[in-house]
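Notes to accompany the following structure.
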Amino acid sequence: EVFVARVKKDDAYWAVAAVMDITDRKVKEEKLVMLATMDGLTGVFNRRHFLLLAEQEAARSKRYNKDLFFLMFDLDLFKEINDTFGHETGDRVLQDFAAICTEGLRRADIFGRMGGEEFAAIVVEANEEEAMAVAERIRKNFAEKTISRDETERHLSVSIGISRLNPKTGSLEAAYAHADKALYEAKEQGRNRVVMASR
């Protein structure tokens, strides 16, 4: 930061400046922003910040009458993974899944961890086919992952529910509820699948 002041002396004006290094303060500010918006384990948006950004996208979707899709992800049998392979392995699985989603989603899409083994994404300006393709790509890439410990090996999988936000109402809450219901249906149908909510 630079501070400059004008000083008059002997009928002449002089400039007095002070320069201060604020690097430490900026680093601390950035850390505070990260703590407020990011999930500490996976490095993706936390629930609060994800929903804030999702609300903004929902409002934009309503204003411009653009389609928007809400994706809910739930890692299958995650409690068993923790119980069998340990919490450290469970944490790595969550980190791997977050990385797969970050890579599989498009740049404009929004992704966050809702808590535990649940994640969510907003797929913007896409049709139903494209939203399904994004979800299927993530599901397949995650299903290729395995974890092992001693003699035990296990394939990973995720269930995904999708709903379309109605641009006429712009209700994110309704889209969330429908995606959650579709996710439950995916679990009921045997897990490791993508289900689109019925309209």
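- Linking Ile, Leu, Val, Met, Phe, Trp and Tyr residues whenever their side-chain heavy atoms come within less than 4.5 Å places Val19 and Val4 in a single cluster.
- A donor-acceptor pair is defined here as one N or O able to donate and one able to accept, closer than 3.5 Å; no such pair exists between the side chain of Ser157 and the backbone of Ala143.
- When the shell of 6.0 Å around CD of Gln95 is examined, it contains more than 12 heavy atoms from other residues, nucleotides or ligands.
- Test Glu185, Arg191, Glu188, Arg193 against Ser159 for side chain to side chain contact (heavy atoms under 4.5 Å, CB included) and you get one pass: Arg191.
- For the pair Phe142 and Val93, the minimum side-chain heavy-atom distance is below 4.5 Å.
- For the pair Val134 and Leu105, the tightest heavy-atom approach, listed with the atom from each and the gap, is CG1-CD2, 3.5 Å.
- You'll find the side chain of Glu130 stays beyond 4.5 Å of the side chain of Phe69, heavy atoms only.
- To the nearest 0.5 Å, the span separating CZ on Arg137 from SG on Cys101 amounts to 10.5 Å.
- Taking the centre and axis of the six-membered ring of Tyr13, the NZ or CZ atom of Arg6 falls inside the cone set by 45° and 6.0 Å.
- Ion pairing between Glu125 and Arg60 holds under the 4.0 Å rule for side-chain N and carboxylate O.
- No chain of hydrophobic side-chain contacts below 4.5 Å, direct or via other Ile, Leu, Val, Met, Phe, Trp or Tyr residues, connects Val158 to Tyr184.
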Practice item. Assess whether side chain to side chain contact (heavy atoms under 4.5 Å, CB included) is satisfied between Arg154 and Leu77, documenting all intermediate values. Key: CA-CA 11 Å; Arg154 181 177 190 146; Leu77 304 171; 3.2 Å; yes
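- Taking each heavy atom of Asn82 and Gly90 in turn, the nearest pair found is OD1-CA, 3.4 Å.
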Practice item. Would you sort out whether Asn192 and Arg139 count as a side chain to side chain contact (heavy atoms under 4.5 Å, CB included), showing the intermediate values? Key: CA-CA 7 Å; Asn192 191 27; Arg139 186 196 65 75; 3.1 Å; yes
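- In this structure, the separation between OG1 on Thr102 and CZ on Phe45 is 9.5 Å, given to the nearest 0.5 Å.
- Nearest heavy-atom pair, Ser163 versus Ala175, reported as atom, atom and distance to 0.1 Å: OG-O, 2.5 Å.
- A heavy-atom distance below 4.5 Å is found between the side chains of Leu51 and Tyr176.
- Environment of CD in Glu103: sparse, with no more than 12 heavy atoms of neighbouring residues, nucleotides or ligands closer than 6.0 Å.
- Using cut-offs of 30° and 60° on the angle between ring planes, the pair Phe70 and Phe50 is perpendicular.
- Here the shortest heavy-atom pairing between Leu183 and Ile160 reads CD1-N, 3.9 Å.
- For Glu144 and Lys140, the salt-bridge test fails: no basic side-chain N is under 4.0 Å from an acidic carboxylate O.
- For the atom pair Ile81 CD1 and Thr89 OG1, the distance stands at 9.5 Å (nearest 0.5 Å).
- A distance of 9.0 Å separates CG of Asp180 from CE of Met114, quoted to the nearest 0.5 Å.
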**Study point:** Intermediate values then yes/no, side chain to side chain contact (heavy atoms under 4.5 Å, CB included), Met132 and Ile162
**Key:** CA-CA 8 Å; Met132 282 290 287; Ile162 309 179; 3.7 Å; yes
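- Using a 4.5 Å cut-off between side-chain heavy atoms of Ile, Leu, Val, Met, Phe, Trp and Tyr, with links allowed through other members, Leu71 and Leu52 fall into different hydrophobic clusters.
- Atom CZ of residue Arg164 and atom CG of residue Leu68 lie 10.0 Å apart, to the nearest 0.5 angstrom.
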Check your understanding: Does the ring pair (Phe, Tyr, Trp, His ring centres under 6.0 Å) test come out yes or no for Phe73 and Phe97, once each step is laid out?
Key -> CA-CA 10 Å; Phe73 308 90; Phe97 180 72; 5.6 Å; yes
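- When every heavy atom of Leu94 is checked against every heavy atom of Glu117, the shortest pair comes out as CD2-CA, 3.9 Å.
- Rounding to the nearest 0.5 angstrom, the gap separating the CG atom in Asp96 from the CG atom in Leu75 is 10.0 Å.
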Practice item. I would like to know whether Leu165 and Glu57 meet side chain to side chain contact (heavy atoms under 4.5 Å, CB included); could you show each step before the answer? Key: CA-CA 10 Å; Leu165 182 133; Glu57 280 301 328; over 6 Å; no
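- The neighbour count for Phe78 CZ, taken as heavy atoms of other residues, nucleotides or ligands under 6.0 Å away, is above 12.
- Between Glu118 and Met72, the shortest heavy-atom contact is OE1-CE, 3.7 Å.
- A salt bridge links Lys187 to Asp76: one of the charged nitrogens lies within less than 4.0 Å of a carboxylate oxygen.
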